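Below is one structure, written out as structure tokens; comments come after it.
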Amino acid sequence: MLTLRKIRENKENVIRGLEKRGWSADRLTIVDQIIALDDKRKETQTSLDQHLSDINRISKEIGGLFKSGKGDEANALKSKISDIKEISSTLESTQKGVLAELDELLLSVPNVPHDTVPAGVTEDDNEIAEHWTGDLPDLGDDALPHWELAKQYNLIDFELGTKITGSGFPLYRGQGAKLQRALISFFLDEASEAGYEEVMPPLLVNADTARATGQLPDKEGQMYYAEKDDLYLIPTAEVPVTNIYRDVIISEDDFPIKLTGHTPCFRREAGSYGSDVKGLNRVHQFDKVEIVQIAHPDRSYDVLTEMVDHVKQLLEKLELPYRILRLCGGDLGFTSALTFDFEVYSAAQKKWLEVSSVSNFETFQSNRLKLRYKDGNGKKHLAHTLNGSALALARIVASLLENHQTTEGIVIPKALVPYTKFEIIK
RNA sequence: GGAGGAGUGGCAGAGCGGUUGAAUGCACCGGUCUUGAAAACCGGCAUACUGAGAGGUAUCGGGGGUUCGAAUCCCUCCUCCUCCGCCA
């Protein structure tokens with residue numbers, strides 16, 4: 001959520017940003033609506049405060065009068081107060097309405113894109129920031145897509161997953177299950193080595209938590225919901241991990257805060273069908289290692305680069321061809337100011353699969369989180385939050401199986417062998 | 001799941017209807033003293049909104065209520081502790 005201060009003080013900048021996201025002039029009037037509503041909020045509050053102040057003052061007088069035995073005078077003041085109370089309670093309910101409306105408008109405004117975000121509408125307008133320099137692997141026509149390989153080597157049983165739960169819940173078995181475990185350990189170790197503290201958060205979160213990172217109310221339909229307990233299954237570790245710092249004021253020397261965690265991720269993906277959801281391309285449950293940083297505003301873009309480099313290095317160790325996209329305004333997530341997507345090439349499908357998304361949210365999340373830091377003068381400011389997948393398993397597995405298939409079997413990348421403890425899947 | 005107890009500032013802990021945003025201690029920051037440090041002493045030390053400022057308003061787990069007035073009384077939800085039950 002943008003701060004009112006940002007909207008008021010950098011109105012033109014906000015508008016330019018929203019235009020980059022493809023907002024029409026019509027829609028942009030929301031900015032002025034917000035400012036007008038905020039004016040009303042201030043005005044109402046000032047008036048309300050004045051009346052409350054009167055009530056407080058008179059109440060104290062009444063207290064004094066009762067003490068000194070002047071009950072009659074006190075009772076006279078009581079009737080005077082009831083008029084003021086009537087006005088103040090009207091103002092109060094007006095203010096409640098204003099605040100609710102203001103909140104609703106603010107929640108509907110996405111983050112302002114960074115200057116380097118290209119204009120554009122769809123994913124076709126994303127800018128390729130970096131591209132695999134070698135040739136893309138050409139496996140010939142005999143190459144099998146990962147779901148065939150999974151079946152051939154008995155790594156993943158999609159039908160069993162469907163039987164037990166439903167479609168999109170694959171069951172990994174044998175070397176497939178071990179490969180999952182190996183990847184998770186590998187990613188976590190790499191993150192630890194890069195200075196991230198490992199955490200294992202809860203997989204169900206409450207509404208306050210989901211709201212703070214922006215899943216509610218925006219992406220309500222994306223999450224599984226346990227109604228009886230009013231809890232949501234996490235769509236990403238970002239949600240519980242970032243919320244560690246909800247309502248926290250840190251000191252400036254605490255920067256940088258680096259956290260990593262592995263969790264299963266649950267996504268309803270309602271309305272997705274077709275070849276996009278074939279095999280592991282899009283599933284309802286997958287494992288992911290997430291990296292999260294809380295950074296000083298002056299440093300957050302350096303941190304973003306650092307995180308991008310971290311992910312890059314993982315893909316190189318896994319020997320997977322990848323490219324990095326700088327998302328355009330139209331494709332940028334609601335809460336993000338700048339996002340780099342990583343895609344790996346899945347050589348049998350001849351498709352690029354998104355396996356990571358690394359973003360700087362600037363203060364968009366921290367505003368809702370109320371995550372602040374104290375500077376040297378004891379002044380409080382919102383911190384910047386960033387996160388990235390490092391990495392998302394299901395699609396990595398898909399790409400890994402496809403790219404590394406040989407007539408002998410599927411060759412495990414060298415970096416991963418210490419974790420799988422086998423060099424080839426036969 | 002059942003019965004009982006409790007939730008106050010960074011921490012500990014008073015207050016249980018009337019200048020209490022909240023005693024006191026510890027921690028922390030600044031100062032005096034000291035060659036330096038410690039001790040001692042003096043001062044400061046929650047968050048948010050609002051105002052040029054003085055100040056005003058709100059917040060004592062969350063929400064609602066009673067009252068002229070609530071940290072203090074009532075209702076409700078949440079969390080923690082103790083006992084019982086269940087259990088990886």
Side-chain angles (χ1 to χ4, degrees), chain A residues 1-9 34-107 200-212 216 225-232 240 243-254 257 264 363 365-383:
Chain A
M1 188 162 71
L2 294 178
T3 59
L4 277 164
R5 169 184 289 250
K6 187 164 188 167
I7 293 173
R8 297 195 82 109
E9 291 178 4
I34 286 172
I35 292 173
L37 206 52
D38 188 44
D39 288 339
K40 183 162 186 204
R41 184 202 115 240
K42 283 189 193 180
E43 188 189 314
T44 311
Q45 191 66 48
T46 305
S47 172
L48 174 62
D49 284 355
Q50 184 55 52
H51 286 90
L52 290 176
S53 171
D54 288 346
I55 292 171
N56 285 342
R57 199 193 66 246
I58 295 170
S59 292
K60 272 175 193 164
E61 275 176 45
I62 292 174
L65 288 171
F66 273 125
K67 254 185 192 164
S68 50
K70 296 175 187 161
D72 293 347
E73 289 181 41
N75 284 319
L77 281 177
K78 275 195 198 181
S79 63
K80 187 173 162 192
I81 236 173
S82 76
D83 294 342
I84 308 176
K85 278 192 85 169
E86 206 169 302
I87 300 169
S88 78
S89 65
T90 307
L91 284 169
E92 213 165 315
S93 67
T94 304
Q95 186 69 330
K96 236 184 189 168
V98 169
L99 288 173
E101 206 181 324
L102 189 57
D103 205 42
E104 200 187 316
L105 288 181
L106 281 171
L107 284 174
M200 231 190 227
L203 306 181
L204 280 84
V205 295
N206 58 36
D208 283 343
T209 292
R211 206 171 291 120
L216 290 181
Y225 175 55
E227 190 171 9
K228 201 160 188 179
D229 298 288
D230 194 20
L231 295 171
Y232 298 84
N243 268 275
I244 293 172
Y245 284 92
R246 172 153 52 89
D247 289 318
V248 170
I249 299 175
I250 60 175
S251 128
E252 206 170 14
D253 343 305
D254 292 337
I257 292 169
T363 60
Q365 282 186 330
S366 58
N367 185 33
R368 266 201 246 182
L369 285 162
K370 295 200 173 59
L371 160 53
R372 289 159 293 176
Y373 71 94
K374 244 185 222 183
D375 69 18
N377 303 318
K379 275 207 148 235
K380 286 154 204 85
H381 312 272
L382 293 172

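As the structure is a computational prediction, the values presented were derived from the model and not from experiment. The figures here come from the full heavy-atom set of this structure, side chains too, leaving out hydrogens, waters and symmetry mates. First the proteins, then the strands, lettered A, B, ... as listed; each starts at 1.
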Original post:
Which nucleotide, in any strand shown, forms a Watson-Crick or G-U wobble pair with B:G1, with both distances under 3.5 Å?
Top reply: B:C84

**OP:** Say whether, by atom type as modelled, one donor and one acceptor occur between the side chain of A:T44 and the main chain of A:Q95 under 3.5 angstrom.
**Re:** no

Original post:
Paired with B:A14: which nucleotide, if any, by Watson-Crick or G-U wobble criteria at under 3.5 Å for both distances?
Top reply: none

Original post:
Hey, which of these two, A:L52 or A:I81, hits RNA chain B nearer its 5' end, going by closest nucleotide?
Top reply: A:L52

**OP:** Determine which nucleotide pairs with B:C49, using a 3.5 Å limit on both distances of a Watson-Crick or G-U wobble pair.
**Re:** B:G56

Original post:
With respect to the side chain of A:Q45, which nucleotide from B:C68, B:U57, B:U47 is positioned closest?
Top reply: B:U57

Subject >> Base partner of B:A70, which must satisfy Watson-Crick or wobble distances under 3.5 Å >> reply: none

Original post:
Contact class for A:K80 (heavy atom, under 4.0 Å): base, sugar-phosphate, or nothing?
Top reply: nothing

Original post:
A:I62 side chain: which of B:G56, B:G64, B:G18 is closest?
Top reply: B:G18

**OP:** Examine B:U57: is either OP1 or OP2 under 4.0 Å from a nitrogen or oxygen in the side chain of A:K42? Give yes or no.
**Re:** no

Original post:
Would the number of heavy atoms belonging to other residues, nucleotides or ligands and lying under 6.0 Å from CD of A:E252 be above 12?
Top reply: yes

Original post:
Where the side chain of A:R368 meets the backbone of A:R211, is there a donor-acceptor pair that is under 3.5 Å apart?
Top reply: yes

Subject >> A:R57 and A:E61 ion-paired at < 4.0 Å >> reply: yes

Subject >> Interatomic distance where NZ belongs to A:K374 and P belongs to B:G10 [whole Å] >> reply: 9 Å

**OP:** Take atom CZ of A:R57 and atom P of B:U57, then tell me their distance rounded to the nearest Å.
**Re:** 10 Å

Original post:
Using the P atom in both, what is the distance from B:A23 to B:G61, to the nearest Å?
Top reply: 16 Å

Original post:
Are OP1 or OP2 of B:G69 and a side-chain N or O of A:K85 less than 4.0 angstrom apart?
Top reply: yes

Original post:
Hey, is A:D39 close enough to A:K42 for a salt bridge, meaning N to O under 4.0 Å?
Top reply: no

Original post:
CD1 of A:I55 versus P of B:G56: gap in Å, rounded?
Top reply: 16 Å

Original post:
Could you give the CZ-to-C1' distance, from A:F66 to B:G69, as a whole number of Å?
Top reply: 10 Å

**OP:** Measure from CG on A:N367 to P on B:C49 and round the result to the nearest Å.
**Re:** 10 Å

Subject >> B:C45 to B:U35 separation - C1' atoms, rounded to the nearest Å >> reply: 31 Å

Original post:
Between the main-chain N or O of A:E43 and the side-chain N or O of A:S47, is there a donor-acceptor pair closer than 3.5 Å?
Top reply: no

**OP:** For B:C28, give its Watson-Crick or G-U wobble partner with both distances under 3.5 Å, or none.
**Re:** B:G44

Original post:
Using a cut-off of less than 4.0 Å, is there contact between a side-chain N or O of A:N56 and OP1 or OP2 of B:U19?
Top reply: no

Original post:
Tell me, do A:I7 and A:L106 make a side-chain contact under 4.5 Å, heavy atoms counted?
Top reply: yes

**OP:** For A:K96, report the nucleic acid contact type (base, sugar-phosphate, nothing); a contact means any heavy atom under 4.0 Å.
**Re:** sugar-phosphate

Subject >> Paired nucleotide for B:G7 [Watson-Crick or G-U wobble; both distances under 3.5 Å] >> reply: B:C78

**OP:** Would you kindly give the NZ-to-P distance between A:K60 and B:G17, to the nearest whole Å?
**Re:** 19 Å

Subject >> Rounded interatomic separation in angstrom, taking CG from A:D208 and C1' from B:C77 >> reply: 13 Å

Subject >> Complementary nucleotide of B:G21, counting Watson-Crick and G-U pairs under 3.5 Å >> reply: none

Original post:
Can you check the A:R41 CZ to B:U50 P distance for me, whole Å?
Top reply: 5 Å

**OP:** Determine the Euclidean distance between corresponding C1' atoms of B:G21 and B:A70; express it in Å to zero decimal places.
**Re:** 14 Å

Original post:
P atom, B:U47 versus B:A22: distance in rounded Å?
Top reply: 15 Å

Original post:
What is the pairing partner of B:A39, taking Watson-Crick or G-U wobble pairs with both distances under 3.5 Å in any strand?
Top reply: none

Subject >> Span that lies between the C1' atom of B:G15 and that of B:G25, in whole angstrom >> reply: 16 Å

Original post:
Expressed as a whole number of Å, how far does the P atom of B:U8 sit from that of B:G44?
Top reply: 26 Å

Original post:
C1' atom, B:G85 versus B:G1: distance in rounded Å?
Top reply: 7 Å

Subject >> Position toward the 5' end of RNA chain B (nearest nucleotide), A:T46 or A:I249 >> reply: A:I249

Subject >> Euclidean distance for C1', B:A6 against B:C77 (whole angstrom) >> reply: 16 Å

